[in-house]
Amino acid sequence: MSLSIALTKGRLEKTTVDMLKECGYGVDGVIHKNRELVIADTVKDIRYFLVKSNDCITYVEHGVADVGIVGKDTLMEGGKDYYEMLDLECGKCRFVVAGLKDKNPLHKVGHITIGTKYPKITQEYFQKKGLDAEIIKIDGSVELSPLLGLCDGIVDITETGTTLRENGLVIYDTVAEVSARVIVNKVSFKMKKKEVMQLLQDLERIVQKNASRNQSE
Ligand code: PRP
């Protein structure tokens, strides 16, 4: 039976496609794509969709994609109607609380405002800390919000730290570590078990290989 895989565009795209390539899958069409968004594997009976991270969950939850590869950050913020099967241990990022130098929002007395693309995670974090924060949902360039005085701080993901540094922001706490995960539609897991398990085994092999490569470096 053929398999449909939703891949997340952007940050995770190259590493996940490289992993599939290393598994022996025919992903050259994904690597050298033009503007097409549905691409057939040249070796296996697989179709790939390239979608935004939130949409990856939606496609998997609705069974349009049997499998999705998406960041844990998006999973923590988004839906729950899927099986999370494998940590690919790539695309590693940190969720952090950041703010202007010498202005730790966690030490502010009184009303705290936090800008973020991730209101649910931010809410949970501040609730756990027993801090009453007003969450302001921002869709992009979150780092701007404390600079322009919209917020006292932000909760966002950081990979290299470059964006924070270049905008004069300092990390005050780590909320969670995140990486790319494989999610599977619940019905596909039953109906296409053989194909799904094969994919998971192939990817797991590369995860192990990468881990031992990293250890010996
Ligand atoms: C994330 C995040 C930061 C940036 C940090 O955005 O929101 O802006 O990456 O990365 P760095 O620590 O390596 O500088 P992303 O690139 O995922 O794009 P988005 O704004 O479209 O979500």
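First listed ligand is number 1; within each ligand, the first listed atom is number 1. Side chains are part of it too, since the values below use all heavy atoms of this structure and drop only hydrogens, waters and symmetry mates.
- Between E84 and K72 a salt bridge is recorded (basic side-chain N to carboxylate O distance below 4.0 Å).
- L37 belongs to no multi-residue hydrophobic cluster, having no ILVMFWY side-chain contact under 4.5 Å with any other such residue.
- Hydrophobic cluster of L75: the remaining members, joined at side-chain heavy-atom separations below 4.5 Å, are I57, V60, V70, Y82, I183, listed by chain and number.
- Taking a heavy-atom cut-off of under 4.0 Å, ligand 1 is surrounded by R11, K117, E143, D156, I157, T158, E159, T160, G161, T162, T163.
- Exactly one residue among D18, L203, L199 makes a side chain to side chain contact (heavy atoms under 4.5 Å, CB included) with C23. That residue is L203.
- In the hydrophobic clustering (ILVMFWY side chains linked at under 4.5 Å, chained through shared members), I135 stands by itself.
- Interatomic distance, CZ of F95 versus OG1 of T122, reported as 7.0 Å (0.5 Å rounding).
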